[in-house]
Trainee: 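Take this structure, written in structure tokens, and hold onto it; I'll ask about it next.
The figures here come from the full heavy-atom set of this structure, side chains too, leaving out hydrogens, waters and symmetry mates. Note that the numbering runs from 1 along the sequence shown for the chain.
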Amino acid sequence: MLCALAVTLSLVPQLSAAVPADTLRLEVGSPEVDARRFAPHAARVRVYVGGDTLVAEWTNELGVGDSAGRAVHRWVTTGTQYPPGGAPVTWELRQTFDATTLAPLGYARSGSSGASASIAIDGRRVRGTRRLASGAEEPVALDLDRPGFVAAASDLVPLAVGLREGAVMTAPVWSPPMATTERRIFTVLGRTEVDVEGARVRAWKVEERRDPERTLVATWYLVDEIPYMVYGEVPLPDGRVRRMTEVAIPASAPGATAAPARPR
């Protein structure tokens, strides 16, 4: 989700060394989390590393459905990676979440590399199979220390709670191939303007840090409408930054809608 963007940021306070006493400490199932805020829609993500180098792009499409009487959100992500000097690699990821609690229920990934995974999640219990690019299959059988939100979709957590300046919340996250959950700290630093593919968008700036190290995992720019995340920055171990932009696009799934993030 990135292009070569000029990003204008307001000065905001940094996260203090100690987590404030009034921090909202979330778990999967906490009543403060309400994923019903998310409307069906489709969006395009572009990812850049090192200036204008496009390294990946994908589309996210959210549909609302039912599974054995349980309301669920079904996210379908179809993407392409562009390895340096190599042929593009395509992939598809299908994830199912509880439509209220955001609890992960299913994860299925396949791609042109030949690797794939099909996993069912029930609280702490994770079961399924994984196929390597070589064709070898191996079982997935984990019993996590606690249920976790999906790490690759961690920006959905503060959005599902609701954003206000100064809010701090913690939440456990997990996703394949992690063997245990990891606690993250989300701090809503305030609102600022960001340039998203040529449009000025007023967004909430949210830092995500790893607890207890306080190392920065990502900085998100979030809005209270489709497509919800409009810009993100993820620091890489080599000092570069992985930058992402997201814009709404026409949807293909029944009931999904596309409404562009409005300039402010």
Side-chain angles (χ1 to χ4, degrees), residues 1 26-29 33-45 47 56-68 70-81 89-113 115-131 140-142 144 146-161 171-182 184 208 217-218 220 222 226-229 232 234 244 246 248-249 251-256:
M1 345 181 316
L26 302 170
E27 299 289 344
V28 175
V33 177
D34 189 352
R36 291 174 296 181
R37 299 172 186 267
F38 303 128
H41 68 281
R44 183 194 68 230
V45 175
V47 184
E57 58 186 328
W58 60 79
T59 60
N60 291 319
E61 190 150 3
L62 169 61
V64 177
D66 177 273
S67 177
R70 181 180 195 171
V72 296
H73 284 172
R74 295 188 175 99
W75 286 89
V76 179
T77 303
T78 304
T80 304
Q81 292 175 278
V89 177
T90 59
W91 49 272
E92 181 181 84
L93 174 62
R94 293 178 175 265
Q95 299 181 90
T96 305
F97 300 87
D98 184 277
T100 299
T101 67
L102 203 58
L105 304 173
Y107 174 101
R109 182 181 177 114
S110 59
S112 60
S113 69
S116 64
S118 180
I119 297 171
I121 305 117
D122 182 9
R124 296 174 51 243
R125 180 183 170 89
V126 180
R127 298 290 187 271
T129 58
R130 179 186 296 116
R131 178 182 289 119
V140 175
L142 292 174
L144 302 173
R146 59 165 57 87
F149 299 100
V150 171
S154 59
D155 55 305
L156 295 180
V157 175
L159 280 163
V161 173
V173 302
W174 171 88
S175 62
M178 296 168 64
T180 186
T181 61
E182 185 173 275
R184 301 283 173 84
E208 178 181 349
V217 174
W220 304 111
L222 309 175
I226 295 168
Y228 302 109
M229 196 283 284
V234 176
M244 296 167 278
E246 185 165 13
I249 60 173
S252 61

Trainee: Nearest 0.5 angstrom please: T78 OG1 to R44 CZ, how far?
Mentor: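 So the OG1 of T78 and the CZ of R44 are separated by 14.5 Å.
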Trainee: Quick one: does T77's side chain get under 4.5 Å of T59's, heavy atoms only?
Mentor: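 They are not in contact (no side-chain heavy atoms under 4.5 Å apart), so the answer is no.
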Trainee: For R146, what residues pass the salt bridge (charged side-chain N to carboxylate O under 4.0 Å, His left out) criterion, not counting sequence neighbours?
Mentor: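 Listed in chain order: E27.
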Trainee: For E208, check side-chain hydrogen bond (donor to acceptor under 3.5 Å, both in side chains) against everything at least two apart and list the hits.
Mentor: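 Listed in chain order: S154, R184, W220.
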Trainee: So which heavy atom on S116 is nearest to which on S110, and how close?
Mentor: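 In terms of heavy atoms, the two residues are closest at CB-CA, 4.1 Å.
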Trainee: Within this structure, what is the CH2-CH2 distance for the pair W58 and W91, rounded to the nearest 0.5 Å?
Mentor: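 Answer for the CH2-CH2 pair, W58 versus W91, is 5.5 Å.
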Trainee: State which residues pass ring pair (Phe, Tyr, Trp, His ring centres under 6.0 Å) with F38; sequence neighbours excluded, sorted by chain then number.
Mentor: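 Per chain and number, F38 pairs via ring pair (Phe, Tyr, Trp, His ring centres under 6.0 Å) with Y228.
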Trainee: Quick one: list whatever passes side-chain hydrogen bond (donor to acceptor under 3.5 Å, both in side chains) with E92, sequence neighbours left out.
Mentor: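 Result, side-chain hydrogen bond (donor to acceptor under 3.5 Å, both in side chains) vs E92: R94.
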Trainee: Would you check if V150 and Y107 make a side-chain contact, meaning some heavy-atom pair closer than 4.5 Å?
Mentor: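 When only atoms from C-beta onward are counted, Y107 and V150 do not touch, as no gap falls below 4.5 Å.
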Trainee: State the NE2-CD distance between H41 and E61, to the nearest 0.5 angstrom.
Mentor: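 Separation between the atoms: 9.0 Å.
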Trainee: Is the backbone N or O of L142 less than 3.5 Å from a side-chain atom of R127, with the two atoms forming a donor-acceptor pair by type?
Mentor: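 Here the side-chain-to-backbone pair exists.
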Trainee: Can you find a heavy atom in the side chain of D98 that is under 4.5 Å from one in the side chain of V72?
Mentor: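 D98 does not reach V72 side chain to side chain.
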Trainee: Who pairs with R125 by salt bridge (charged side-chain N to carboxylate O under 4.0 Å, His left out), at least two apart in sequence or on another chain?
Mentor: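 Once residues adjacent in sequence are excluded, R125 has no partner under the salt bridge (charged side-chain N to carboxylate O under 4.0 Å, His left out) criterion.
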Trainee: In chain order, what residues pass the side-chain hydrogen bond (donor to acceptor under 3.5 Å, both in side chains) check against D122, with sequence neighbours excluded?
Mentor: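 With sequence neighbours excluded, D122 shows a side-chain hydrogen bond (donor to acceptor under 3.5 Å, both in side chains) to no residue whatsoever.
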Trainee: My understanding is that only residues two or more places apart in sequence, or in another chain, count here; which of them pass salt bridge (charged side-chain N to carboxylate O under 4.0 Å, His left out) with D155?
Mentor: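 Scan of D155 (salt bridge (charged side-chain N to carboxylate O under 4.0 Å, His left out), adjacent residues dropped) gives none.
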Trainee: Give, for atom CG of L144 and atom OG1 of T181, the distance between the pair rounded to the nearest 0.5 Å.
Mentor: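 Here the interatomic distance stands at 6.5 Å.
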Trainee: List the atom of A39, the atom of I226, and the distance in Å for their closest heavy-atom pair.
Mentor: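 Looks like CB-CD1, 4.2 Å.
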Trainee: Please name all residues satisfying side-chain hydrogen bond (donor to acceptor under 3.5 Å, both in side chains) with T96, sequence neighbours left out, ordered by chain then number.
Mentor: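 T96: no side-chain hydrogen bond (donor to acceptor under 3.5 Å, both in side chains) contacts found.
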Trainee: Distance-only check: which donor-acceptor pairs under 3.5 Å involve side-chain atoms of residues 171-179, not counting sequence neighbours?
Mentor:
unit_1 : atom_1 : unit_2 : atom_2 : d
W174   : NE1    : M178   : O      : 2.6

Trainee: Minimum heavy-atom separation for V234 and A218, please, with both atom names.
Mentor: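 So the minimum-distance heavy-atom pair works out to CG2-CB, 3.9 Å.
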Trainee: Given T129 and V140, is the side-chain contact (heavy atoms from CB on, under 4.5 Å) satisfied, shown in steps?
Mentor: CA-CA 5 Å; T129 58; V140 175; 5.8 Å; no
Trainee: Taking side chain to side chain contact (heavy atoms under 4.5 Å, CB included) as the test, write out the residues that go with S112, two or more places apart.
Mentor: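 Side chain to side chain contact (heavy atoms under 4.5 Å, CB included) list for S112, sorted by chain: V89, T90.
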Trainee: State the CD1-CG distance between I119 and L105, to the nearest 0.5 angstrom.
Mentor: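 Reported value, rounded in 0.5 Å steps: 13.0 Å.
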Trainee: Go through the steps to decide whether L156 and L102 satisfy the test side-chain contact (heavy atoms from CB on, under 4.5 Å), and finish with yes or no.
Mentor: CA-CA 8 Å; L156 295 180; L102 203 58; 3.9 Å; yes
Trainee: Apply salt bridge (charged side-chain N to carboxylate O under 4.0 Å, His left out) to R74 and list each qualifying residue two or more places apart in sequence or on a separate chain.
Mentor: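 Residues passing salt bridge (charged side-chain N to carboxylate O under 4.0 Å, His left out) with R74: none at all.
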Trainee: Mark yes or no for whether R109, through its side chain, and L93, through its backbone, hold a donor-acceptor pair below 3.5 Å.
Mentor: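 Flag not set: sc R109 to bb L93 has no pair under 3.5 Å.
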Trainee: Could you state the interatomic distance from OG1 (T101) to NE2 (H73), rounded to the nearest 0.5 Å?
Mentor: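 Rounded to the nearest 0.5 Å, the OG1-NE2 separation comes out at 10.0 Å.
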